[in-house]
S.K.: 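Quick one: this structure, given as structure tokens, is what I'll be asking you about.
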Amino acid sequence: MKKKLAMVLSAAMLVGALAGCGGTDSSSSSTGAKDTAKKGDFPTKTITLICNYGAGGGTDLASRALASAMEKTLGVPVSVVNKPGGSATIGVTEVLNAKADGYTFGVCSYSPMVIAPHQMQVAYTPDSFDYLGTLSQYDYGVLVKGDSPYQDIDDLVEGAKANGGLNMMGSGYPHPLVIEGLAELTGTDIQFVNMNSSSEVVTGLLGGHCDAISLVMSDATSYIESGELRLIASSNTERLEDYPDVPTLQEQGYDLSVQSYMGLGLPKGVDPERIAVLQDAFDKAFDDPDFQKTMDNLSIHVKHISGEEFYELLKTDYDFYADYFAEKGE
């Protein structure tokens, strides 16, 4: 018997942001710590884009592509500064505490925005920022080795039953939603093994230390092209654009899905006229051919959702995880 479990994760990475759509954050507005600056001749100096992940990864590279494209409109440098750590909450906190003058914005990705606040003490909620919207959607999938006997999710489940269980690796959320959800739906012993990075996840599978993995697809492309890995399911609600022949988990009969978006976030209190300048630069950067080409080369699916819609999405998922972790007793 399959117990139905719907887990939809809309993940986010929001890089900078703007369009007054967030809710009201009383803590930041009441302290007066934010210095609301007037537009004047804005901008006249370097703008800082804080990336809450380390250099060289997909988020960092996408941030740098965006910064380069925004410079064309802003007429000043946009410098990417990496602030990784704390399950990506350090960078988000840097954005929160930045001077509200329009010269600092940053990546406020999904996990530290809607999951981490229920697992550790942080100083923010989705209400603490203004949002421009999303620039991309992250694609997720379930993969096995190229020579694995598992051709689909049914094969994987049957393998777990026949062998007394199996291990699946992932690197943080949203991967446990897929792996633990699959175990719960099927009543099988599928263990989630958490690794520190996607590279460790891939190494673990190729080294024979697990049977399958949940992975963001931008980190899987080269291995699929070489034949070392094989995709057996899209974890998104739709089939992946680059792999249209591979069905989703839902199409294969397992009511599981995850979604993750990258967007832009800004501390509360920035003058609306300066926000409008940044909004215009973002809109033009999103349509910039060089930016689009870079994102395509990174295998990151570009997708724009408005700031207001993105805020509502974050709030919905924030509330979802409050209930989710309460039910799990975490």
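Numbers for residues simply follow the sequence, beginning at 1.
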S.K.: Say whether, by atom type as modelled, one donor and one acceptor occur between the side chain of Tyr321 and the main chain of Ala116 under 3.5 angstrom.
M.R.: no

S.K.: Run the ring pair (Phe, Tyr, Trp, His ring centres under 6.0 Å) test on His118 and Tyr318 for me, step by step, so that the C-alpha distance in whole Å, both residues' side-chain angles and the decisive distance to 0.1 Å come before the verdict.
M.R.: CA-CA 9 Å; His118 304 299; Tyr318 182 90; 4.5 Å; yes

S.K.: Just by modelled atom types, is the Tyr324 backbone N or O under 3.5 Å from a matching donor or acceptor in the Glu327 side chain?
M.R.: no

S.K.: Is a donor from one side chain sitting under 3.5 angstrom from an acceptor on the other, for Glu71 and Ser68?
M.R.: no

S.K.: Roughly how far, to the nearest 0.5 Å, is CG of Asp189 from CG of Leu166?
M.R.: 8.0 Å

S.K.: Over 60° means perpendicular and under 30° means parallel, so tell me whether Phe42 and Tyr103 are parallel, tilted or perpendicular.
M.R.: perpendicular

S.K.: Between Gln252 and Ile232 (side chain of the first, backbone of the second, donor and acceptor by atom type, cut-off under 3.5 Å), is there such a pair?
M.R.: yes

S.K.: Is there a donor-acceptor pair under 3.5 Å between the side chain of Asn236 and the backbone N or O of Glu238?
M.R.: no

S.K.: Could you label the plane-to-plane angle of the Phe291 and Phe286 rings as parallel, tilted or perpendicular, counting under 30° as parallel and over 60° as perpendicular?
M.R.: tilted

S.K.: Let's go through Phe192 and Asn167 carefully: what are the C-alpha distance in whole Å and the side-chain angles of both, what is the deciding distance for side-chain contact (heavy atoms from CB on, under 4.5 Å) to 0.1 Å, and is it a yes or a no?
M.R.: CA-CA 6 Å; Phe192 169 62; Asn167 294 326; over 6 Å; no

S.K.: Has the side chain of Asn82 got a donor or acceptor atom that lies under 3.5 Å from a matching backbone atom of Tyr53?
M.R.: yes

S.K.: With a cut-off of 3.5 Å and sequence neighbours excluded, list every side-chain donor-acceptor pair involving residues 294-305.
M.R.:
from   : atom 1 : to     : atom 2 : distance (Å)
Thr294 : OG1    : Asp290 : O      : 3.0
Asn297 : ND2    : Lys293 : O      : 3.4
Ser299 : OG     : Thr221 : OG1    : 3.1
His304 : ND1    : Thr134 : O      : 2.8

S.K.: Take a 6.0 Å sphere around NZ of Lys83 and say whether it holds more than 12 heavy atoms from other residues, nucleotides or ligands.
M.R.: no

S.K.: Kindly check if the number of other-residue, nucleotide or ligand heavy atoms within 6.0 Å of CD (Glu241) is above 12?
M.R.: no

S.K.: Under 3.5 Å, is there a donor-acceptor pair linking the side chains of Gln279 and Asp283?
M.R.: yes

S.K.: Ignoring hydrogens, what is the shortest heavy-atom contact between Cys51 and Val80? Give both atom names and the distance.
M.R.: CB-CG1, 4.1 Å

S.K.: If we count only N and O atoms by modelled type, under 3.5 Å, do the side chains of Asp154 and Tyr254 hold a donor and an acceptor together?
M.R.: yes

S.K.: Calculate, to the nearest 0.5 Å, the distance between atoms CG and CG belonging to Asp155 and Asp152 respectively.
M.R.: 4.0 Å

S.K.: Does Val95 reach the side chain of Thr104, with side-chain heavy atoms less than 4.5 Å apart?
M.R.: no

S.K.: When rounded to the nearest 0.5 angstrom, what distance separates OG1 in Thr186 from CD1 in Ile153?
M.R.: 10.0 Å

S.K.: Rounded at 0.5 Å granularity, tell me how far CG in Asp255 sits from CG in Leu249.
M.R.: 10.0 Å

S.K.: Are Ile90 and Phe105 linked, directly or through other ILVMFWY residues, by side chains that come within less than 4.5 angstrom of each other?
M.R.: no

S.K.: Run Lys284 and Asp280 through salt bridge (Lys or Arg N to Asp or Glu O under 4.0 Å) and show every step you take.
M.R.: CA-CA 6 Å; Lys284 291 176 179 175; Asp280 179 63; 3.3 Å; yes

S.K.: Running the 4.5 Å side-chain criterion over Ile, Leu, Val, Met, Phe, Trp and Tyr, what cluster does Leu206 land in, apart from itself?
M.R.: Leu143, Met169, Val193, Met195, Val201, Val202, Leu205, Ile213, Leu215, Met217, Tyr223, Ile224, Leu229, Leu231, Leu240, Tyr243, Val246

S.K.: Could you walk me through whether Thr248 and Ser235 satisfy the side-chain contact (heavy atoms from CB on, under 4.5 Å) test, starting with their C-alpha distance in whole Å, then the side-chain angles of each, then the deciding distance to 0.1 Å, before giving a yes or no?
M.R.: CA-CA 6 Å; Thr248 66; Ser235 301; over 6 Å; no

S.K.: Quick one: does Glu94's side chain have a donor or acceptor within less than 3.5 Å of a partner on Gly91's backbone?
M.R.: no

S.K.: For Glu228 and Ser226, does a side-chain donor sit closer than 3.5 Å to a side-chain acceptor?
M.R.: yes

S.K.: Going only through I, L, V, M, F, W and Y residues with side-chain contacts under 4.5 Å, is there a path from Leu66 to Val81?
M.R.: no

S.K.: Does a side-chain N-to-carboxylate-O contact under 4.0 Å join Asp245 and Arg239?
M.R.: no

S.K.: For the residue pair Lys268 and Phe129, would you count it as a cation-pi contact if the rule is NZ or CZ under 6.0 angstrom from the ring centre and within 45 degrees of the ring axis?
M.R.: no

S.K.: Please report the interatomic distance OG(Ser79) to NZ(Lys45), rounded to the nearest 0.5 Å.
M.R.: 13.0 Å

S.K.: Is a donor from one side chain sitting under 3.5 angstrom from an acceptor on the other, for Ser214 and Tyr140?
M.R.: no

S.K.: Might you point out which heavy atoms bring Ala160 and Thr188 nearest each other, and give the distance in Å?
M.R.: CB-CB, 4.2 Å

S.K.: Can you list the residues that meet the salt bridge (charged side-chain N to carboxylate O under 4.0 Å, His left out) rule with Asp60, with sequence neighbours excluded?
M.R.: Arg64

S.K.: Taking Ser148 for the side chain and Val144 for the main chain, is one N or O donor matched with an acceptor at less than 3.5 Å?
M.R.: no

S.K.: Going from CG on Leu278 to CG on Leu266, what distance comes out if it is rounded to the nearest 0.5 angstrom?
M.R.: 6.5 Å

S.K.: Whether the side chain of Thr73 engages the backbone of Met70 through a donor-acceptor N/O pair (distance < 3.5 Å, no angle test) should be reported.
M.R.: no

S.K.: So which heavy atom on Gly56 is nearest to which on Leu61, and how close?
M.R.: O-CD1, 3.7 Å

S.K.: Are the charged groups of Arg274 and Asp101 less than 4.0 angstrom apart, N to O?
M.R.: no

